[in-house]
Amino acid sequence: MKKNIVILGTQWGDEGKGKIVDYLSRNSDYVVRYHGGHNAGHTLVVNQKKIVLHLVPSGVLHANVIGIISNGVVISLSNLVEEIKMLEENRFFVKKRLFISNSASLILPFHIAIDIAREKKLGSNSIGTTGRGIGPAYEDKIARRSIRVGDLRNEKTLSIKLEKIVDYYNNQLVSIYQSQPFDYKIILQDLLKSKNVINDMIKDTTMILNSAIKNKKIIIFEGAQGSLLDIDHGTYPYVTSSNSTIGGVITGTGIGPKNLDYILGVTKCYSTRVGNGPFPTELHDDIDMYLSKKGNEFGSTTGRKRRTGWLDAVALRHSVKINSLSALCITKLDVFDNLKEVKICIAYQDIKTSEIYTSASFDELENMKPIYKKYPGWMKKTLGIKKIENLPIAAKNYIKSIEKIAGIPIDIISTGPDRNDTIIIKHPFL
Ligand code: IMP
């Protein structure tokens, strides 16, 4: 039996990972968020109620599951406290079963201010960040000046560190961006208030996870964003600032690679992207309008309309390779229910040289034009189907084609937003 599985996105995020994590966590003991921050938005529908999580692992909606926010995550304490409150209001009580790494770096108000100010200054060359301070917080981590969760335990040293870092950011905010400076004492007060809520949750999560592995517990590692937004392997510089690919699990938690038994790549049956950057299969026509509306493709963190496009098999194969994926989960199949014809980009053509590529370098996509293969649509309702044999033949053929193109099996298909709208072809834990 497989014990530890990773669930990560193969595209530019918003693949529907949260729902799959939620679905599979009913069989798990721990669910771990290991990178990113509250730039992520995982929308879950439980008993017809919509819950959006940004930081807390999706699995905690099951009362038996322990949630971990490990060292690789950058944490906005005020957002975390708000999320815990929202969960409690919805009768999900997580305070005794959510642990937060003492070595995770904090996102503080000046990170958000500088993220927004930089994007504004970049104008049409902006990255299109979520404005949540993610990049600046990771910069501080690498520059070894972060304030970490563990620093909250000593008010005196916290105050000294905070004064220093606020001074560093105020210099930039005032002189370069003509913005308002921050008062470190106000930030300190807010931090101490939030600390009172999370104090008992602060732990060495690396130790917790390694002893969970030793005790043969079942762990799900929940990816955020998607592989093509990875800082090293994505469409740089239009990426997020963490490793959303498989390596992020190892560095972001402190467990070794031999402990990972199965890696599931979640892939939407079309593509979306928020923010700027290359997107070879992007659509600008009626199909774009259709996918946005039927797929509700509006950011759960920022509300922005997502750019939409056909499934990109070149990108998918890249993700299969760099993550050494075991299998795929295809999501949002029901969104295609009213389309007469669907397409998959099977290769790129360089518009300058006319050369054709079936694999590509993902920081050089600007000149790539998609080459499509067409498939008949099914024009039948697949929403809520729970057995593969009940899918229309054209939908089954489309799924089979993705499997062939990706070169790995499809183990799960999602046919709707509810946690039960799911077809399990092969259960990841078996
Ligand atoms: P940042 O992570 O806020 O710095 O944003 C960098 C890029 O990643 C932007 O294009 C964002 O739109 C994108 N991004 C960040 N988080 C998500 C996510 O959860 N889903 C989809 N795109 C995201």
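Since the structure is predicted, the reported quantities are computational estimates derived from the model, not experimental observations. Counting convention: from 1, in listed order, for ligands and their atoms alike.
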Asker: Okay, side chain of Lys50, backbone of Gln48: is any donor-acceptor separation there less than 3.5 Å?
Answerer: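 Not confirmed, Lys50 side chain does not pair with Gln48 backbone.
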Asker: Specify the closest pair of heavy atoms between Pro280 and Asp312, including all atoms of both residues, with the distance to one decimal.
Answerer: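 Closest pair (atom of Pro280, atom of Asp312, distance): CG-OD2, 4.1 Å.
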Asker: Output yes when the distance from some N or O of ligand 1 to some N or O of Thr129 is under 3.5 Å, and no in every other case.
Answerer: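 No - when backbone and side-chain N and O of Thr129 are compared with those of ligand 1, no distance drops under 3.5 Å.
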Asker: Find the distance between CD1 (Ile410) and NZ (Lys426) and round it off to the nearest 0.5 Å.
Answerer: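 Going from CD1 on Ile410 over to NZ on Lys426, the span is 14.0 Å.
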Asker: Considering only non-hydrogen protein atoms, determine which one is nearest to atom 2 (O) of ligand 1 and report residue, atom name and distance to 0.1 Å.
Answerer: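 Residue, atom and distance for the closest contact: Thr240 OG1, 2.6 Å.
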Asker: Tell me whether the rings of Tyr398 and Trp378 are parallel (<30°), tilted (30 to 60°) or perpendicular (>60°).
Answerer: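 Tilted.
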Asker: How close does the nearest protein non-hydrogen atom get to atom 7 (C) of ligand 1, and which residue and atom is it?
Answerer: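 Scanning the protein heavy atoms, the shortest distance from atom 7 (C) of ligand 1 goes to Val239 O, 3.8 Å.
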Asker: What protein heavy atom is closest to atom 17 (C) of ligand 1, reported as residue, atom name and distance in Å?
Answerer: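 Heavy-atom neighbour on the protein nearest atom 17 (C) of ligand 1: Gln225 CG, 3.5 Å.
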Asker: Could you point out which residue of Ile330, Leu333, Thr331 forms a side chain to side chain contact (heavy atoms under 4.5 Å, CB included) with Ser414?
Answerer: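 Considering Ile330, Leu333, Thr331, a side chain to side chain contact (heavy atoms under 4.5 Å, CB included) with Ser414 is found only for Thr331.
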Asker: Would you mind checking which non-hydrogen protein atom is closest to atom 10 (O) of ligand 1, with the distance to 0.1 Å?
Answerer: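 Sorting protein heavy atoms by distance from atom 10 (O) of ligand 1 puts Val274 O, 3.1 Å first.
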Asker: Only heavy atoms of Trp12, strictly under 4.0 Å: list the atoms of ligand 1 that pass.
Answerer: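 That gives atoms 21 (C), 22 (N) of ligand 1.
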Asker: Which atoms of ligand 1 sit under 4.0 Å from any heavy atom of Gly128?
Answerer: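 Heavy-atom distances to Gly128 below 4.0 Å select 9 (C), 10 (O), 11 (C), 12 (O).
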Asker: Using heavy atoms and a 4.0 Å limit, tell me yes or no: is Ser241 in contact with ligand 1?
Answerer: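 No, Ser241 has no heavy atoms under 4.0 Å from ligand 1.
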Asker: Looking at ligand 1, does any of its N/O atoms fall within less than 3.5 Å of an N/O of Arg304?
Answerer: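 Yes.
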Asker: Taking only residues two or more places apart in sequence, or in another chain, which ones meet Met86 in a side chain to side chain contact (heavy atoms under 4.5 Å, CB included)?
Answerer: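 Side chain to side chain contact (heavy atoms under 4.5 Å, CB included) check on Met86 returns Ile51, Leu53, Glu83, Asn90.
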Asker: Need the ligand 1 atom indices (1-based, order shown) with element for anything under 4.0 Å from a heavy-atom of Leu229.
Answerer: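 Within the 4.0 Å cut-off of Leu229, ligand 1 contributes 8 (O), 13 (C), 14 (N), 22 (N), 23 (C).
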Asker: Please check whether Asn276 reaches ligand 1 - meaning an N/O of the residue sits under 3.5 Å from an N/O of the ligand, judged on distance alone.
Answerer: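 Not met; the criterion fails.
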Asker: With heavy-atom distances below 4.5 Å as the criterion, would you say the side chains of Pro278 and Arg273 are in contact?
Answerer: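 The answer is yes; the side chains approach within 4.5 Å.
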Asker: Distance-only criterion, 3.5 Å: show the donor-acceptor pairs between side-chain atoms of residues 169-178 and protein atoms not counting sequence neighbours.
Answerer:
unit_1: Tyr169; atom_1: OH; unit_2: Asp140; atom_2: OD1; d: 2.9
unit_1: Tyr169; atom_1: OH; unit_2: Asp140; atom_2: OD2; d: 3.0
unit_1: Asn170; atom_1: OD1; unit_2: Phe182; atom_2: N; d: 2.7
unit_1: Asn170; atom_1: ND2; unit_2: Phe182; atom_2: O; d: 2.8
unit_1: Asn171; atom_1: ND2; unit_2: Asp167; atom_2: O; d: 3.4
unit_1: Ser175; atom_1: OG; unit_2: Asn171; atom_2: O; d: 2.5
unit_1: Gln178; atom_1: NE2; unit_2: Ser175; atom_2: O; d: 3.1

Asker: If you have a sec, work out which protein heavy atom is nearest atom 21 (C) of ligand 1 and how many Å separate them, to one decimal?
Answerer: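 Sorting protein heavy atoms by distance from atom 21 (C) of ligand 1 puts Asp14 OD2, 3.1 Å first.
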Asker: I want to know if ligand 1 touches Arg132 in the polar sense, i.e. an N/O pair below 3.5 angstrom.
Answerer: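 So ligand 1 has no N or O lying under 3.5 Å from an N or O of Arg132.
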Asker: Which residue supplies the protein heavy atom nearest to atom 3 (O) of ligand 1, what is that atom called, and how far is it?
Answerer: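 Minimum-distance protein heavy atom for atom 3 (O) of ligand 1 reads Thr130 OG1, 2.6 Å.
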Asker: If the test is side chain to side chain contact (heavy atoms under 4.5 Å, CB included), which one of Ile7, Thr253, Ile68 qualifies with Phe221?
Answerer: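 Looking at Ile7, Thr253, Ile68, the match for Phe221 under the side chain to side chain contact (heavy atoms under 4.5 Å, CB included) is Thr253.
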